[in-house]
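Read the numbers this way: they start at 1 and go in the same order the structure lists the ligands and their atoms.
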Amino acid sequence: MNRLLWICVLILLGFTASYETRDVEAQPEGKQGRDLYRIHCLECHGAEGRGDGPRAALLAPRPGNLVSAATSTKTDEELLEILANGVPRTAMHGWSDQLSEEQRRNVLAYVRTLVHFHDLSSPPSPGP
Ligand code: HEC
């Protein structure tokens, strides 16, 4: 078969994998936060929140890495303030006219779920 076609199929599979379902599905507000993130934030901040969305390379300053220590150690109040009012002199405008306060909270809750802590050196837990 045409090699180019195979490459396209593999790229598509890669994209599908990066959209894997997370446990946020369990709660409706978690799902809403995820959907809002994908619609409004992914293009700049990337599917995993690393600041590598499709538009990121065209922006100066680049969008923040939302799973970085610098962002994830900020309090909910600080991040909600940024979500409402934006970051001056960047492409990050405020969202208060497009998203309700509840929607901003849900999208922030989703951003929080993107931060995972892995301790690769810890041994696997013993089986039952
Ligand atoms: C047009 C591109 C763009 C879009 C869309 C966008 N952002 Fe941003 N965002 C940025 C840029 C640029 C910054 C500023 C760089 C920085 O603060 O690291 C930023 C900063 C932030 C910060 C502050 C990070 C920090 O540590 O101060 C948060 C939180 C954030 N964005 C969340 C979001 C969320 C949630 C959405 C969707 C509702 C969103 N952004 C949509 C470009 C974007």
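Put simply, the residue from E48, R50, R112 that forms a side chain to side chain contact (heavy atoms under 4.5 Å, CB included) with V67 is R50.
Residue N65 does not touch ligand 1, judged by heavy-atom distances below 4.0 Å. Within the 4.0 Å heavy-atom criterion, both parts of T71, backbone and side chain, lie near ligand 1. Only the backbone of P61 comes within 4.0 Å of ligand 1, counting heavy atoms alone; no side-chain atom from C-beta on gets that close. With a 4.0 Å cut-off on non-hydrogen atoms, Y37 does not touch ligand 1 at all.
Counting only heavy atoms of the protein, atom 36 (C) of ligand 1 lies nearest to C41 SG, 2.8 Å. Residue, atom and distance of the protein heavy atom nearest to atom 17 (O) of ligand 1 are V87 CG2, 4.2 Å. Residue, atom and distance of the protein heavy atom nearest to atom 18 (O) of ligand 1 are G64 CA, 3.0 Å. Residue, atom and distance of the protein heavy atom nearest to atom 41 (C) of ligand 1 are W95 CZ2, 3.4 Å. Scanning the protein heavy atoms around atom 5 (C) of ligand 1, the nearest turns out to be H40 O, 3.1 Å. The nearest protein atom to atom 25 (C) of ligand 1, hydrogens excluded, is given as K74 NZ, 3.2 Å; this is a heavy-atom distance. In this structure, atom 4 (C) of ligand 1 lies nearest to the protein heavy atom C44 SG, 3.3 Å. Distance from atom 7 (N) of ligand 1 to its nearest protein heavy atom, with residue and atom name: H45 NE2, 2.8 Å.
Atom CD of E29 sits about 8.0 Å away from atom CD of E102, to the nearest 0.5 Å. Between the CG atom in L42 and the CG atom in L36 there is a gap of 12.5 Å [rounded to 0.5 Å]. Distance CD1/I82 to CD/E77: 12.0 Å, rounded to 0.5 Å.
Heavy-atom proximity to L83, at under 4.0 Å, picks out these atoms of ligand 1: 32 (C), 33 (C), 34 (C), 35 (C). Within ligand 1, counting atoms from 1 as listed, the ones closer than 4.0 Å to a heavy atom of L59 are 2 (C). Counting atoms of ligand 1 from 1 in the listed order, those under 4.0 Å from a heavy atom of I82 are 22 (C), 23 (C), 27 (O). Near P63, meaning under 4.0 Å from one of its heavy atoms, ligand 1 places the atoms 10 (C), 11 (C), 12 (C), 42 (C).
Within the 4.0 Å heavy-atom shell around ligand 1 one finds R62.
Enclosure of atom CD in E43 by more than 12 non-hydrogen atoms of other residues, nucleotides or ligands within 6.0 angstrom is indicated.
In summary, T90 places no N/O/S atom under 2.8 Å from atom 8 (Fe) of ligand 1, failing the contact criterion.
Summarising the geometry of T90 relative to P61, their closest heavy-atom pair is CG2-CG, 3.7 Å, with the distance given to 0.1 Å. A pairwise comparison of heavy atoms in V107 and L83 identifies CG1-CD1, 3.8 Å as the closest pair.
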Checklist entry - Would T71 and N65 satisfy side chain to side chain contact (heavy atoms under 4.5 Å, CB included), going step by step from the backbone distance to the final call? => result CA-CA 7 Å; T71 298; N65 177 345; over 6 Å; no
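Remark: the backbone N or O of A84 is paired with a side-chain donor or acceptor of S96 at under 3.5 angstrom. H45 contributes no side-chain N or O that, together with a main-chain N or O of G53, makes up a donor-acceptor pair within less than 3.5 Å. Of the possible polar contacts, one joining the R104 side chain to the L99 backbone as a donor-acceptor pair under 3.5 Å is found.
If you check each of M92, E43, Q98 against atom 20 (C) of ligand 1, the one with the closest non-hydrogen atom is M92. For atom 28 (C) of ligand 1, the candidate residues are L66, L79, V107; the nearest heavy-atom contact is made by L66.
Under the 4.5 Å side-chain heavy-atom criterion for Ile, Leu, Val, Met, Phe, Trp and Tyr, L59 and Y37 are members of distinct hydrophobic clusters.
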